[in-house]
Amino acid sequence: QVQLVESGGGLVQPGGSLRLSCAASGSIFSVNIMGWYRQAPGKERELVADISRGSRGTNYADSVKGRFTISRNYANNTVYLQMNRLKPEDTAVYYCNVRSIRGGNYWGKGTLVTVSS
């Protein structure tokens, strides 16, 4: 069974930083893309950023470009999201997402990020 363990969420003031981590383990054939989505109160879930092993590279939502950085440890299937200059509108539950080369699509349970003064 696939398990995605997220960590790093919490309460931070506007302008602050947080670093999210997601470690993937279990019966994933081969990890292709790892990413982060978020769902704010009253909003639909949206892609924040993702990263692939190949030439596709990284992809960011326009709202976080220049502030967030996604990275990946290929040895242990861990993905990170460094979030800088956080804004109140970044408040959301952040979900780790992993896609395998078989087409599998796996989700973490989410970690809450609250940006408030």
Side-chain angles (χ1 to χ4, degrees):
Q1 197 73 25
V2 173
Q3 184 179 25
L4 306 182
V5 179
E6 300 142 320
S7 63
L11 174 65
V12 66
Q13 294 186 52
S17 298
L18 286 173
R19 185 175 185 248
L20 306 183
S21 299
C22 173
S25 62
S27 58
I28 305 175
F29 176 74
S30 182
V31 173
N32 185 9
I33 300 171
M34 306 185 78
W36 292 93
Y37 290 70
R38 68 185 181 187
Q39 188 166 17
K43 305 295 183 182
E44 298 296 318
R45 187 176 298 186
E46 64 175 350
L47 174 69
V48 178
D50 62 22
I51 182 168
S52 65
R53 193 178 187 110
S55 61
R56 179 179 178 270
T58 57
N59 182 44
Y60 295 92
D62 288 342
S63 59
V64 307
K65 287 180 180 177
R67 300 189 297 118
F68 292 10
T69 303
I70 190 168
S71 60
R72 178 177 174 180
N73 185 323
Y74 294 94
N76 62 8
N77 285 330
T78 300
V79 64
Y80 307 92
L81 186 68
Q82 179 66 46
M83 305 185 293
N84 298 324
R85 294 183 284 123
L86 283 159
K87 303 175 180 179
E89 52 263 44
D90 294 318
T91 296
V93 177
Y94 285 71
Y95 297 91
C96 181
N97 174 250
V98 173
R99 282 166 262 176
S100 74
I101 63 171
R102 285 176 164 173
N105 192 17
Y106 309 99
W107 294 92
K109 294 181 179 180
T111 184
L112 177 63
V113 172
T114 302
V115 185
S116 177
S117 59

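Computed from a prediction, not measured in an experiment: that's the story for all the values here. For the numbers below, each heavy atom of this structure counts, side chains included, while hydrogens, waters and symmetry mates do not.
In terms of the side-chain contact (heavy atoms from CB on, under 4.5 Å) criterion, residue partners of Lys43 (sequence neighbours excluded) are, by chain and number, Ala40. Judged as a side-chain contact (heavy atoms from CB on, under 4.5 Å), and not counting sequence neighbours, the contacts of Ser7 are Ser21. Partners of Val2 under the side-chain contact (heavy atoms from CB on, under 4.5 Å) rule, at least two apart in sequence or in another chain, are Leu4, Ser27, Ile28, Tyr106. Residues forming a side chain to side chain donor-acceptor pair (under 3.5 Å) with Gln82 (at least two apart in sequence, or on another chain): Asn84. Take Glu46 and apply the side chain to side chain donor-acceptor pair (under 3.5 Å) test, not counting sequence neighbours, and it matches Arg38. By the side chain to side chain donor-acceptor pair (under 3.5 Å) test, Thr78 is found to be paired with Asn76, residues two or more places apart in sequence or in another chain being considered. Checked against side-chain contact (heavy atoms from CB on, under 4.5 Å), Val12 has the following partners two or more places apart in sequence or in another chain: Leu18, Leu86, Val115. When the side chain to side chain donor-acceptor pair (under 3.5 Å) test is applied to Asn105, the partners found at least two apart in sequence or on another chain are Asn97.
The ring pair (Phe, Tyr, Trp, His ring centres under 6.0 Å) pairs that include a residue from residues 69-93 number zero, where partners must be two or more places apart or lie in different chains. For residues 77-88, there are no salt bridge (Lys or Arg N to Asp or Glu O under 4.0 Å) pairs, not counting sequence neighbours.
To the nearest 0.5 Å, atom CG of residue Asn73 and atom CE of residue Met34 are 9.5 Å apart. One distance of note links CG of Asp90 with OG of Ser63; it measures 7.0 Å at 0.5 Å rounding. With rounding to the nearest 0.5 angstrom, the CG atom of Asp50 is 11.0 Å from the CG atom of Leu81. Atoms CD and OG, from Gln13 and Ser116 in turn, are 8.5 Å apart once rounded to the nearest 0.5 Å. Rounding to the nearest 0.5 Å places OG of Ser17 at 8.5 Å from CE of Met83. For the atom pair OG of Ser100 and CG of Asn77, the computed distance is 11.0 Å after rounding to the nearest 0.5 Å.
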Steps toward side-chain contact (heavy atoms from CB on, under 4.5 Å) verdict (Val31, Arg99):
CA-CA 6 Å; Val31 173; Arg99 282 166 262 176; over 6 Å; no
Which is it for Tyr94 and Val48 under the side-chain contact (heavy atoms from CB on, under 4.5 Å) test, yes or no, and what are the steps along the way?
CA-CA 9 Å; Tyr94 285 71; Val48 178; 4.1 Å; yes
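Annotation for Ala24 and Val98: closest pair CB-CG2, 4.1 Å, computed over non-hydrogen atoms. Heavy atoms only, all atoms of each residue included: Ile70 and Thr58 are closest at CG2-CG2, 3.8 Å. When all heavy atoms of Ser117 and Pro14 are compared, the pair lying nearest together is N-CD, 3.6 Å.
Residues Arg53 and Arg72 form a side-chain contact, since some pair of their non-hydrogen atoms from C-beta on lies under 4.5 Å apart.
A donor-acceptor pair is defined here as one N or O able to donate and one able to accept, closer than 3.5 Å; such a pair exists between the side chain of Ser52 and the backbone of Gly57.
In the hydrophobic clustering, Ile33 connects to no other residue, as no ILVMFWY side-chain heavy atoms lie under 4.5 Å from its own. Taking Ile, Leu, Val, Met, Phe, Trp and Tyr as members and joining any whose side-chain heavy atoms lie under 4.5 Å apart, directly or through other members, the hydrophobic cluster of Tyr95 also contains Tyr37, Leu47, Val93, Trp107, Leu112.
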